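Everything below concerns the one structure shown next.
Here is the naming used below: chain letters follow the sequence lines, and residue numbers restart at 1 for every chain. In this text, all values refer to a predicted model and were calculated from it rather than measured experimentally.
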Amino acid sequence: MIITTFGKYVLLLRDVFKRPEKMKIYSKATFEQMNFIGIGSIGLIAIISSFIGAVMTLQIAFQLISDFIPKTIIGSINRDSTILELSPTISAIVLAGKIGSAISSEIGTMRITEQIDALEIMGINAPGYLILPKIIAGITMVPLLVIISMTMSILGGYIGGSLSGVITPAEYVLGITSNFNPHTVTIALTKAFIYGFIITSIPAFEGFYVKGGALEVAKASTKAVVVCCITILICDYLVTQLLL
Amino acid sequence: MIEIVDIHKSFGKNDVLKGISAKFEAGITNLIIGGSGSGKTTLLKCMIGLHEPEKGSVSYDTREFTHLSQKNRIDIRKEIGMLFQGSALFDSMTVEENIMFPLNMFTNQSQSEKLDRVNFCLKRVNLDNKNQLFPAELSGGMKKRVGIARAIALNPRYLFCDEPNSGLDPKTSIVIDELIKEITQEYNTTTIVVTHDMNSVMGIGDYILFLHEGKKCWEGSNLEIAKTDIKELNEFVFASPFMKAIKGKF
């Protein structure tokens, strides 16, 4: 069953990456999707990341109360865990819920209202026209959102730490700037690129093969989010294992 | 002209089409009729390639379609216009964008040329100045007319209509029927209409193919349909009290 589904997914992707009929129309659709996936998610990602950063600072401080450990370590731990894990993975899971369900419902509704049939009758490669712009938007905008998430999370840690008094601003800044390894950012952006692909392609697949009515579209949407989250966590482990 | 030969299609153990052959000529309105579950929509979908028949062939003006790859079908599909039962207009696009969509995809016309074509098609279906409305703002009859306008945007050689009158009041149904007939004669298209509406059958049925339980049961014109002795066809034609009342007048 899983192998059959995976095979169907690969065959759909083969159609998705066929040469577009008209580049201009695909470009326009891609920019629209970039606006929806990227610009439309900045606020949500910024709020979630800021609070995660602030809470992380407080929790690290709570666990590292000792005269032998310099407080600057709070900034360092917050920075590394944010860059390596929290920003890419939490952002991806949040985006899977927001973007993934929207993509699945949009394409699923198009399927049950015969709009996809209409595209195919016109001689248009429906998977390419509907899914390719979403995938391109996903793999370009999710890394950008993760960069915003990293920034906001570290900033959130700074504000949270300063307001609560667990760490001074100077100690926090010293912590986040000392012993920085740029390779962690490469790992985070690699993860973000992969997550961008997962968040767009899996819900598109679930929506594209919906059969039935509104209830089935809703079920496909839920399934898409669940499958996305599990796939993201599996890929998170594999990428970390391979690159770290 | 579209020719179908010995079309078979089944879903699991359910044989929906059991060897149907017919010829649909250009310039006349061809109707596929039959009761619910008789296989008419499945036959239509086999003809346009949305379903793959297990056996048989479909030819568009001697060009064999059934055994072509998806890639090679594109040239024929560009010559097909289709009106769907639910209109299948793109929700996120305005009326103008819906009709312009095939022009954007397959022509290199300038924006003003495309707009002229859109306005011509809208005028043809009596929907002038409705360019900026979204499908959600249209009535059922208006959606069908926009569907027809989109279908004829590229001057198709073949026009398929899947139950064009479903969900419409009798007056609007007649308007849609007449529009289909006029377009067929005007552009000499090969038009195939799937319907179970007797008003359409009597009004525009130049050639009628009657399906019963997945088989071709009868073929003829609207002038002959009420005069046959075929039991299944008579049950279909004279099912309504109105048709029963006027039965003797044919």
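The CZ atom of B:R77 sits 5.5 Å away from atom CD1 of A:I121, with the distance rounded to the nearest 0.5 Å. Remark: B:I74 CD1 to A:E120 CD distance equals 10.5 Å, nearest 0.5 Å.
In this structure, chain A has heavy atoms under 4.5 Å from both the backbone and the side chain of B:I48. In this structure, chain A has a heavy atom under 4.5 Å from the side chain of B:F101, while its backbone stays farther away. B:N98 does not touch chain A: none of its heavy atoms, backbone or side chain, sits under 4.5 Å away. Heavy-atom distances place both the backbone and the side chain of A:I124 under 4.5 Å from chain B. Residue B:L154 does not touch chain A at all, counting heavy-atom pairs closer than 4.5 Å. With a threshold of 4.5 angstrom between heavy atoms, B:D75 does not approach chain A through any atom at all. Within the 4.5 angstrom heavy-atom criterion, only side-chain atoms of B:R150, from C-beta onward, approach chain A.
Using a 4.5 Å cut-off on side-chain heavy atoms (C-beta onward), A:Q115 and B:F84 make no contact. Between A:K22 and B:F106 the shortest side-chain heavy-atom distance does not fall below 4.5 Å.
Among A:T113, A:L119, A:N125, A:D117, the residue making the largest number of heavy-atom pairs under 4.5 Å with chain B is A:D117.
Not a single donor-acceptor pair under 3.5 Å links the side chain of B:K78 to the backbone N or O of A:M122.
Within 6.0 Å of CG on B:D128 lie more than 12 heavy atoms contributed by other residues, nucleotides or ligands. Within 6.0 Å of the NZ atom in A:K223, the count of heavy atoms belonging to other residues, nucleotides or ligands does not exceed 12. Shown here is A:F17, whose CZ atom has more than 12 heavy atoms of other residues, nucleotides or ligands within 6.0 Å. Atom CZ of A:F193 has 12 or fewer neighbouring heavy atoms from other residues, nucleotides or ligands inside a 6.0 Å radius. Dense packing is recorded around NZ of B:K114, with more than 12 heavy atoms of other residues, nucleotides or ligands lying under 6.0 Å away. Under a cut-off of 6.0 angstrom, the local environment of CD1 in A:I3 is sparse, with at most 12 non-hydrogen atoms contributed by other residues, nucleotides or ligands. Around atom CZ of A:F6, no more than 12 heavy atoms belonging to other residues, nucleotides or ligands sit under 6.0 Å away.
Taking every heavy atom of both residues into account, A:E114 and B:A88 meet most closely at O-CB, 3.5 Å.
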